[in-house]
Amino acid sequence: MKIINREIPPRAVWALEQAGVHPLLARLYAARGVRSKDELDDGLARLLPPEGLRGIAQAATLLADAIAQDRRLCIVADYDCDGATACAVGVRGLRLLGARHVDYLVPDRVSDGYGLTPPIAERVQARGADVLITVDNGIASVEGVARAKALGLAVLVTDHHLPGPTLPSADAIVNPNQPGCSFESKALAGVGVMFYVLLALRSELRARGRFDATNQPRLDALLPLVALGTVADVVRLDANNRRLVAQGLKRVRAGHMPVGMAALFRAAGRQAQAANTFDFGFALGPRINAAGRLADMTLGIECLLTDDPARAEELAQTLDAINRERREIEGDMRTQAFALAENLFDAAEAPPPAVSVFDPDFHEGVVGIVASRLKDKLHRPTFVFAASAAPGKAHELKGSGRSIPGFHLRDALDLVAKRHPGVLLKFGGHAMAAGCTIAEEHFERFEQALAQVAQEWLEPATLTRQLETDGPLAPEYRRAELADALQREVWGQGFAAPVFSEELEVLGQRLVKDKHLSLKLKHQGEPVDAIWFGRTEPLPARALLAYRLDVNEWRGERRVQFVIEGAPD
C-alpha cells in the first residue's frame with residue numbers, strides 16, 4: 001500500500017472558510033472538489049430538475065393516464081437493496097399519487113436470474129396487470145420488454161445501468177445513462193431514478209388539475225428510502241446524490257421514516273437519531289440484501305412497505321437472522337476463495353493482473369461479497385463464480401466481479417465477449433461491479449481472457465494499492481464533538497470519508513480477541529487510544545499510519561479514538 005495525501009486547493013479552502021464553513025470541513029471539502037458553499041446547500045430546491053431526464057415526460061404521461069383510467073400497475077424489482085428501496089418508493093409513491101392498483105414482483109436470484117425476462121413478463125400479465133414498470137433493471141431486457149409488449153402490456157423502464165447496443169422497445173425509458181440523456185447526474189441509483197419519475201408524475205397530475213401545490217402529496221416522505229438505496233448501491237455521491245442522502249438522513253434522525261426502517265435500526269443495534277451513511281451501507285443495507293442473497297427479497301420489500309409496527313419488527317428480526325446466516329456462509333467461502341487465489345501465484349510473486357476463482361460448493365448469493373473481499377486483499381479485478389442452482393442450469397456458472405480504480409469491469413467483459421464469442425452467455429454491470437454467466441467448461445478461457453485484458457489495460461502504478469488521505473490532523477481537532485460532526489456529514493463512494501495520516505509514536509500495543517491490535521499512540525505530544533481491526537502483526541516504535549476519527553464510549557465517558565485504516569507496505 002502507498003499512502004498519498006490529497007491535494008488541497010488553498011483558494012477553495014479560503015473561499016469556504018470566508019463563507020463560514022468550519023476550517024477542518026473547508027479543508028476536507030476543498031480536497032474533494034467543492035469550490036463554493038453553494039455546492040454544500042442540500043436543500044430540496046437545489047436538486048437537479050426532473051425535466052433533464054430523457055423520457056421522463058413520456059413516463060409521467062403514461063402513468064398519469066394509467067391512474068386516470070384506473071389501470072393495474074405492476075413493478076418488477078431487482079433483488080438488491082437498491083432494487084428493494086426503488087420498489088418500495090414506487091409502490092408507496094404511486095399510491096400517494098392516486099394509483100389504486102399497485103402490485104410488485106421481484107425475480108428470484110436463482111431461478112429467474114437478473115432483469116425482466118420473458119417468463120417474468122408472462123407472470124406479470126397473468127396477475128392482471130396493464131402496465132409493467134421496471135425499477136433498477138430493464139435497460140438490457142430487450143427480449144423481456146418485447147414479450148411484455150406482445151402480451152399487450154404498456155412498459156416503462158426505469159434503470160441506471162449502462163445500456164447495451166440495443167435499447168428495449170418500451171413505451172418510455174428513464175435512465176440517465178441512456179444515449180441522448182443530458183441529465184447532469186449520471187450516478188443516480190435505481191431508487192433515485194424512480195423518485196424522479198414520481199416527481200415528474202406529480203407535476204403532470206398538477207397540470208391536469210388533480211391537485212395543486214397546496215394539497216399535493218408530500219413525496220419527501222420517501223427520501224429515507226431514497227437515501228438508503230443510494231448509499232447501499234455504492235453509486236458515486238455527486239452533489240445531487242449527496243443532497244438526496246442528506247435529506248433522507250435528516251428525516252431519519254427526526255424519526256420520520258417507514259416503520260420497517262426504524263425496526264431495522266433496532267435489529268442492527270444502531271441509533272436512528274444519530275444515523276449516518278455508515279448505518280445505511282453497513283447495517284441496514286446488508287440486512288435487506290441478505291434476503292435477496294439467501295431467501296426471497298419480498299421479505300425486504302415488505303419490511304419497507306408495511307405500516308404495521310409489529311409486522312415490521314417481525315420482518316426486521318427475520319432479515320437480521322438471514323444476515324447472520326449470510327455472514328457464516330461468507331466466512332467459509334472467503335477462506336476458501338483466499339486459498340484458491342493464493343494458489344494462482346507464488347508467495348514471492350505479485351498476483352496476476354486479474355483473479356477469477358470457482359468452487360463447486362460456493363453459494364451464488366454470496367459471490368459478490370466474497371469478490372469484494374478478495375479484491376480488497378489482492379488489489380486486483382476479481383471474479384468469484386458459483387454453480388447455478390437454477391433448474392436445468394447446473395452446467396452454468398454465475399459470477400460476480402469487483403474492480404479497482406482504472407479498470408472498467410463492464411467494458412472489460414464486453415471486450416472478452418468480442419474476442420471470445422460464446423464464452424459469456426450474458427453479462428452486465430458498471431465500472432466497479434459487474435456480473436456474468438458462463439458455461440463451466442469455459443471457466444479457464446474466461447480466467448485467461450480477463451487476465452489478458454487486465455494485463456493490457458492496467459499500468460504498474462494502478463496495480464499498487466493507494467490510500468488517499470487528508471494528511472495530518474491538527475491537535476485542536478482531536479475532539480469527540482468534532483468526530484461526531486464529521487460522522488453526520490454525507491460521505492461515500494466518490495466523496496470519501498476523512499482519513500488522516502502522519503507518523504506516530506507507538507507507546508503500547510496488545511492483541512484483542514486474537515485478531516485486533518489495540519494501540520496507545522502519541523499524537524502531537526498527547527496520548528490517544530487506537531484500534532486496528534484485523535491486524536495481528538506488531539508495529540515498530542514509530543509508524544506512518546492512516547486513521548479516521550472515532551469516539552469510544554466507556555462507562556458514560558466519550559473519548560476520541562483513532563481507527564487505523566492502513567500503513568505503507
Side-chain angles (χ1 to χ4, degrees), residues 78-80 82-83 107 109-118 120 134 136-145 157 159-168 175 177-179 190 233-235 292-293 353-358 362 364-372 374-375 380-390 393 395-404 407-454 456-458:
D78 186 24
Y79 39 68
D80 67 358
D82 186 20
R109 180 187 292 267
V110 174
S111 58
D112 294 316
Y114 173 77
L116 172 63
T117 60
I120 291 174
T134 71
D136 193 30
N137 74 95
I139 196 65
S141 302
V142 175
E143 294 178 359
V145 171
V157 167
D159 201 352
H160 69 126
H161 293 92
L162 297 175
T166 305
L167 292 180
N175 180 339
N177 291 300
Q178 69 176 306
D233 211 45
V234 204
V235 294
R293 295 184 189 284
V355 172
S356 301
V357 297
F358 159 65
F362 282 175
E364 68 177 273
V366 189
V367 288
I369 304 175
V370 175
S372 181
L374 193 52
K375 179 267 299 181
R380 294 293 188 271
T382 300
F383 261 90
V384 177
F385 286 88
S388 173
K393 302 285 188 179
H395 64 291
E396 292 182 0
L397 304 184
K398 290 186 177 180
S400 188
R402 298 294 183 270
S403 195
I404 61 175
F407 190 78
H408 196 297
L409 206 52
R410 188 203 168 278
D411 286 356
L413 291 178
D414 189 47
L415 184 54
V416 169
K418 289 182 171 69
R419 288 179 173 177
H420 305 273
V423 169
L424 286 169
L425 301 176
K426 55 184 173 182
F427 68 92
H430 300 292
M432 303 302 287
C436 67
T437 302
I438 63 174
E440 183 173 350
E441 64 186 28
H442 289 152
F443 172 73
E444 288 188 9
R445 285 185 66 193
F446 173 85
E447 179 182 23
Q448 294 164 4
L450 185 67
Q452 179 62 37
V453 175
E456 296 168 10
W457 286 7
L458 288 168

*Option passing side chain to side chain contact (heavy atoms under 4.5 Å, CB included) with T134 (candidates I120, D78, L116)*: L116
*asked:* Quick check against the 3.5 Å criterion: does R109 have a side-chain atom that pairs as donor or acceptor with the backbone of G292?
replied: yes
*NZ/NE/NH1/NH2 to OD/OE distance under 4.0 Å, E456 and R419*: yes
*Would you confirm whether D82, through its side chain, and G190, through its main-chain N or O, come within 3.5 Å as a donor-acceptor pair?*
yes
*asked:* Can you list everything that forms a salt bridge (charged side-chain N to carboxylate O under 4.0 Å, His left out) with E396? Sequence neighbours excluded, please.
replied: K393
*Are the side chains of L397 and F446 in touch, meaning some heavy atoms are under 4.5 Å apart?*
no
*asked:* Using side-chain heavy atoms (C-beta onward) and a distance below 4.5 Å, is V453 in contact with P381?
replied: no
*asked:* Check whether H408 reaches the backbone of D411 with its side chain - one donor and one acceptor, N or O, closer than 3.5 Å.
replied: yes
_To the nearest 0.5 Å, what is the distance between NE2 on H395 and OG on S388?_
8.5 Å
_I need the L450 CG to H420 NE2 distance, nearest 0.5 Å._
10.0 Å
*Do T117 and S141 have side-chain heavy atoms sitting under 4.5 Å apart?*
no
*Is there side-chain contact between V416 and L424, with at least one heavy-atom pair below 4.5 Å?*
yes
_Side-chain touch E364/V110, heavy atoms, less than 4.5 angstrom_ = yes
*Which atom of H161 lies closest to which atom of H430, heavy atoms considered*: CD2-NE2, 3.2 Å
*Within a strict 4.5 Å, meaning less than it, do heavy atoms of the K426 and T437 side chains meet?*
yes
_Closest heavy-atom pair and its distance - I139, L167_ = CD1-CD2, 3.8 Å
*Side-chain heavy atoms of E447 within contact of F358, under 4.5 Å*: no
*Begin from the C-alpha positions of F362 and V370 and carry the test side-chain contact (heavy atoms from CB on, under 4.5 Å) through to its verdict.*
CA-CA 10 Å; F362 282 175; V370 175; 5.7 Å; no
_Shortest non-hydrogen separation from L409 to G401 and the atoms involved_ = CD2-C, 3.4 Å
*Does the side chain of D136 come within less than 4.5 Å of H160's, by heavy atoms?*
yes
*I438: which of F427, F383, F443 passes side chain to side chain contact (heavy atoms under 4.5 Å, CB included)*: F443
_Give me the atom names and distance for the closest heavy-atom approach of S111 to A390._
CA-CB, 4.2 Å
_Minimum heavy-atom distance L374-V384, with the two atoms named_ = CD2-CG2, 4.5 Å
